[in-house]
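No hydrogens, no waters, no symmetry mates; every other heavy atom, side chains included, goes into these values. Since the model is a prediction, treat every value here as computed from it, not as a measurement.
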Amino acid sequence: MDRIEKLKEFLKADPDDSFSKHALALEYSKQGDDVEARRLLEEVLAHDPAAVGSYYQLGKLLERTGETALALSWYEKGMAAARAAEEKRAYNELRSAYDELAD
């Protein structure tokens, strides 16, 4: 069973599992399916706004697809979530991505 199928099985057992949904989004992204990856990352963040890593991945995906303003917006939301969770490393990564894109 490939990774995508295995992750889908995990999600059948627990449809709200943010970790599995995030991992599945990354697998789709690797395969070039940005539409499905984006849908999944947005679902993760709608259900679990504290999933700080998903903000970064969604921002990077939006950068790749040319949606700069939206990417910046997600980075800002991610920085706020990271600050609230006191996740300094995640905050710094999001800030760096934001600053690089905003220049």
Could I get the full list of side chain to side chain donor-acceptor pair (under 3.5 Å) partners for Glu63, not counting sequence neighbours? Lys60, Tyr75

Just list the side-chain donor-acceptor pairs under 3.5 Å for residues 22-29, sequence neighbours left out, or say none.
{"from": "His22", "atom 1": "ND1", "to": "Ser54", "atom 2": "OG", "distance (Å)": "2.7"}
{"from": "Glu27", "atom 1": "OE2", "to": "Arg3", "atom 2": "NE", "distance (Å)": "2.8"}
{"from": "Glu27", "atom 1": "OE2", "to": "Lys30", "atom 2": "NZ", "distance (Å)": "3.2"}
{"from": "Tyr28", "atom 1": "OH", "to": "Lys8", "atom 2": "NZ", "distance (Å)": "3.3"}
{"from": "Ser29", "atom 1": "OG", "to": "Arg64", "atom 2": "NH2", "distance (Å)": "2.8"}

Going hydrophobic residue to hydrophobic residue with side-chain gaps under 4.5 angstrom, can you get from Leu7 over to Leu11? yes

same_hphob_cluster(Phe19, Leu41) at 4.5 Å side-chain heavy-atom cutoff: no

CG on Asp34 to OG1 on Thr65, rounded to 0.5 Å: 6.5 Å

Do Leu40 and Leu61 share a hydrophobic cluster (ILVMFWY, side-chain heavy atoms under 4.5 Å, transitive)? no

Would a hydrophobic clustering, with Ile, Leu, Val, Met, Phe, Trp and Tyr connected at side-chain separations under 4.5 Å, put Tyr56 with Leu72? yes

For a side-chain contact (heavy atoms from CB on, under 4.5 Å) check, start with the C-alpha distance between Leu45 and Trp74, then their side-chain angles and the critical distance, and finish with the verdict. CA-CA 10 Å; Leu45 293 169; Trp74 280 107; 3.6 Å; yes

Approximate separation, where rounding is to 0.5 Å, of Tyr91 OH and Tyr98 OH: 10.0 Å

Just verifying a value: how many Å separate Asp33 CG and Ile4 CD1, rounded to the nearest 0.5 Å? 8.0 Å

For Lys12, is there an ion pair with Glu9 - N to carboxylate O distance below 4.0 angstrom? yes

Closest non-hydrogen atoms of Val52 and Ala90, given as atom of the first, atom of the second and distance, are CG1-CB, 3.4 Å

What's the separation between atom CG in Leu70 and atom CG in Leu58, rounded to the nearest 0.5 Å? 7.0 Å

Flag the pair Glu42 and Arg39 as a salt bridge only when some basic side-chain nitrogen lies within less than 4.0 angstrom of an acidic carboxylate oxygen. no

Sequence neighbours excluded, which residues qualify as salt bridge (charged side-chain N to carboxylate O under 4.0 Å, His left out) partners of Asp99? Arg95

Strictly by salt bridge (Lys or Arg N to Asp or Glu O under 4.0 Å), give each pair with a member in residues 65-75 just once, sequence neighbours left out. Arg38-Glu67

For Gln31, the side chain to side chain donor-acceptor pair (under 3.5 Å) test, sequence neighbours excluded, returns none

Looking only at heavy atoms, which two atoms of Pro49 and Ala81 are closest? And how far apart? O-CB, 3.7 Å

Please, which pairs that meet salt bridge (Lys or Arg N to Asp or Glu O under 4.0 Å) have at least one residue in residues 72-89, sequence neighbours excluded? Arg89-Glu93

